[in-house]
2 protein chains.
Amino acid sequence: MATKRSYNDACGTGHALDLVGERWALLVVRELLLGPKRYGQLRTDLPGISTNVLAQRLTELEASGIVRKHRLPAPTAAEAYELTDWGLELEPVVRALGRWAVRSPAHDRTAHLSPTSFILSLRTNFDPDLARGVHARYELHLNDEVFQVLIADGTLHAARGHQQQPEAVITARPSALAGVVYGGRPLADAVAAGDVRVEGDPGSVARLAAVLSLPPLVTPAG
Amino acid sequence: MATKRSYNDACGTGHALDLVGERWALLVVRELLLGPKRYGQLRTDLPGISTNVLAQRLTELEASGIVRKHRLPAPTAAEAYELTDWGLELEPVVRALGRWAVRSPAHDRTAHLSPTSFILSLRTNFDPDLARGVHARYELHLNDEVFQVLIADGTLHAARGHQQQPEAVITARPSALAGVVYGGRPLADAVAAGDVRVEGDPGSVARLAAVLSLPPLVTPAG
DNA sequence: CAGCATCCCGATTGATACTG
DNA sequence: CAGTATCAATCGGGATGCTG
């Protein structure tokens, strides 16, 4: 562990990969983009990561100034990990990667999806042109985490926390909701199957789907 | 090799890392962003990559539809590798990573820099606001590769090939030129040391540096 | 249980030698 | 030149143990 391996590349991209190019590193960053998380939460949101790798990545990211330990407010008295301001600036990178990769023919949209990933996907795939004149407020309950979504003035705001006056409260697992808003699965099907629950205006879910657009799949001919 | 390891993540970012997250993969892509290259050229531009890893990455990238083999025009009759249209769309990712990482305190700007990296850095760090009213044409000879740079109408064009009517032809190793345009090293020093050679208007180099701006280093306090 | 540290094993990487 | 083959070193994944 004396000398960490490096690309020794003066190019910013090469150095970036020294910092966040190790396996799992950027996914850890992604999971922290919406705010601090505890160790155990990271483990459940990143199924497949081993506990030692997670610990090591957190140590490395902290040493690089990307992540910092954060003591949660009084009642819990536990520690959490959060991105530094600079670490937060990785969101454009995460989004650019996501926007690029959803075009992949090999992309499996039915795989596991974390609540954070779903919320970030809204930011990534929101199309202002489709949102002209749309005003909507949602509260999303994804795996017991609560998020607020506000569409107004051609912008989308999606973050942790409760939404005031939501026109719909949607409860689902992230992948189930993705199947509806991205995969074109009829909401009625998902509701009937118990995969999605909507309290409030059910029609509002279609309005959410209508402001999102995925780039076209790459044609096999390349 | 039966089952390639995967993050099994429906999030686009996770899938992106399945595609280009292996070690060296994104640097291979970076080196191909300005056009096809031969195997040996990739090896010299990526010092430190082993030949077996390069071969494996090329095979994987080709299987994913990111890279394709390209037969060079008649006289050479050799093979080269080039990005598919979709692979070319990774340029925003590469740039976003670069723009983020140059703020790192750990960034070593004196390390190796490939010609491609330098040209891409011009695209990444060009600031249109600094280029109002600027018109300039350069030809860059970096490690025997020839590039054209045109600044006009608040835009920068940088690509392979010769430049018509350049006001300066600059010959240097990429890291030496970077020391001048990014590192603030006086051009006269670099010329005197034999690190940079300018044919044409020497003052034009300062005009190139003047349209580039690096984001500020992260403060240690985070 | 949170947050690691240890140990083992298979997979990946890196350096080098070799071949068409 | 353009890879392939080989082998040692390292890394990642999984199980487990330890410490509050």
Side-chain angles (χ1 to χ4, degrees), chain A residues 1-9 14 17-28 31-32 36-63 67-82 112 144, chain B residues 1-9 14 17-28 31-32 36-64 67-73 75-82 112 144:
Chain A
M1 168 49 115
T3 52
K4 197 169 174 299
R5 71 176 175 184
S6 160
Y7 291 108
N8 286 319
D9 195 320
L17 294 175
D18 281 340
L19 294 170
V20 295
E22 299 296 307
R23 198 159 164 76
W24 290 106
L26 204 55
L27 296 184
V28 171
E31 288 303 322
L32 294 175
K37 273 189 187 172
R38 304 194 48 181
Y39 189 90
Q41 188 67 52
L42 286 169
R43 281 192 59 176
T44 65
D45 289 338
L46 294 171
I49 195 172
S50 9
T51 172
N52 53 357
V53 171
L54 175 55
Q56 191 180 336
R57 289 298 167 271
L58 287 170
T59 306
E60 293 161 355
L61 290 171
E62 191 180 356
V67 160
R68 133 184 85 201
K69 282 188 182 169
H70 171 77
R71 191 155 291 280
L72 290 175
T76 38
E79 270 191 334
Y81 297 88
E82 71 177 352
H112 174 268
D144 298 324
Chain B
M1 163 57 110
T3 52
K4 197 170 173 299
R5 73 177 173 183
S6 162
Y7 291 107
N8 287 319
D9 194 321
L17 293 175
D18 281 341
L19 295 170
V20 295
E22 300 296 307
R23 196 158 167 76
W24 291 104
L26 204 55
L27 296 185
V28 171
E31 288 302 321
L32 295 175
K37 272 187 188 172
R38 302 190 49 180
Y39 190 89
Q41 188 67 54
L42 287 169
R43 280 192 60 176
T44 65
D45 289 340
L46 294 171
I49 194 172
S50 355
T51 172
N52 54 357
V53 171
L54 176 56
Q56 192 180 337
R57 288 299 166 271
L58 286 170
T59 306
E60 293 162 357
L61 290 170
E62 191 179 356
S64 302
V67 160
R68 129 184 87 199
K69 282 189 182 166
H70 170 77
R71 190 156 291 280
L72 289 176
T76 40
E79 271 190 334
Y81 297 89
E82 69 177 355
H112 174 268
D144 298 324

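Computed from a predicted structure; not experimentally measured.
- Taking the side chain as every heavy atom from C-beta outward, B/Leu46 and B/Glu31 approach each other to under 4.5 Å.
- With D/dG13, C/dG14, C/dG3 as the choices, the nucleotide that has an atom nearest any side-chain atom of B/Arg23 turns out to be C/dG14.
- Counting to the nearest Å, the P atom of C/dT13 and the CD atom of A/Glu22 are 11 Å from each other.
- Using a 4.5 Å cut-off on side-chain heavy atoms (C-beta onward), B/Leu17 and A/Trp24 make no contact.
- Going from atom OH of A/Tyr81 over to atom C1' of C/dA2 covers 9 Å, rounded to whole Å.
- Of all heavy-atom pairs between A/Ala25 and A/Leu61, the closest is O-CD1, 4.1 Å.
- Under the 4.5 Å side-chain criterion, counting only non-hydrogen atoms from C-beta, B/Tyr39 is not in contact with B/Glu79.
- B/Arg5 has a carboxylate O that lies under 4.0 Å from a charged side-chain N of B/Glu22, or vice versa, which qualifies the two as a salt bridge.
- For the pair A/Ile49/A/Leu27, no side-chain contact is recorded, criterion being any heavy-atom separation below 4.5 Å from C-beta on.
- Atom CG in A/Leu54 sits about 10 Å away from atom C1' in C/dC4, given to the nearest Å.
- Applying the 4.0 Å criterion to OP1 and OP2 of D/dG12, one finds that B/Tyr7 has every side-chain N and O outside that range.
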Could you please spell out the steps behind the side-chain contact (heavy atoms from CB on, under 4.5 Å) verdict for B/Arg68 and B/Tyr81? CA-CA 6 Å; B/Arg68 129 184 87 199; B/Tyr81 297 89; over 6 Å; no
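- In this structure, A/Lys69 atom NZ and C/dG3 atom C1' are separated by 8 Å, rounded to whole Å.
- For DNA chain D, the neighbouring residues in residues 40-49 of chain A, judged by any heavy atom under 4.0 Å, are A/Gly48.
- A/Asp18 places a side-chain N or O within donor-acceptor distance of the main-chain N or O of A/Tyr7, the cut-off being under 3.5 Å.
- The nearest whole Å value for the distance from the CZ atom in B/Arg38 to the C1' atom in D/dA2 is 8 Å.
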Show me the protein contacts with nucleotides 4-7 of chain D, counting only N or O atoms at under 3.5 Å.
{"unit_1": "D/dT6", "atom_1": "O4", "unit_2": "B/Asn52", "atom_2": "ND2", "d": "3.3"}

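- Listed pair A/Arg57 / D/dG12 meets the phosphate criterion, a side-chain N or O lying under 4.0 Å from OP1 or OP2.
- Enclosure of atom CZ in A/Arg43 is not indicated, since only 12 or fewer non-hydrogen atoms of other residues, nucleotides or ligands lie within 6.0 angstrom.
- Straight-line distance from the CG atom of A/Asp18 to the P atom of C/dT13: 15 Å, rounded to whole Å.
- Rounded to whole Å, the distance from CG on A/Asn8 to C1' on C/dG14 is 14 Å.
- Taking atom CZ on B/Arg5 and atom C1' on C/dT12, their separation rounds to 6 Å, with Å as the unit.
- Distances shorter than 4.0 Å separate none of the side-chain N or O atoms of B/Trp24 from OP1 or OP2 on C/dT12.
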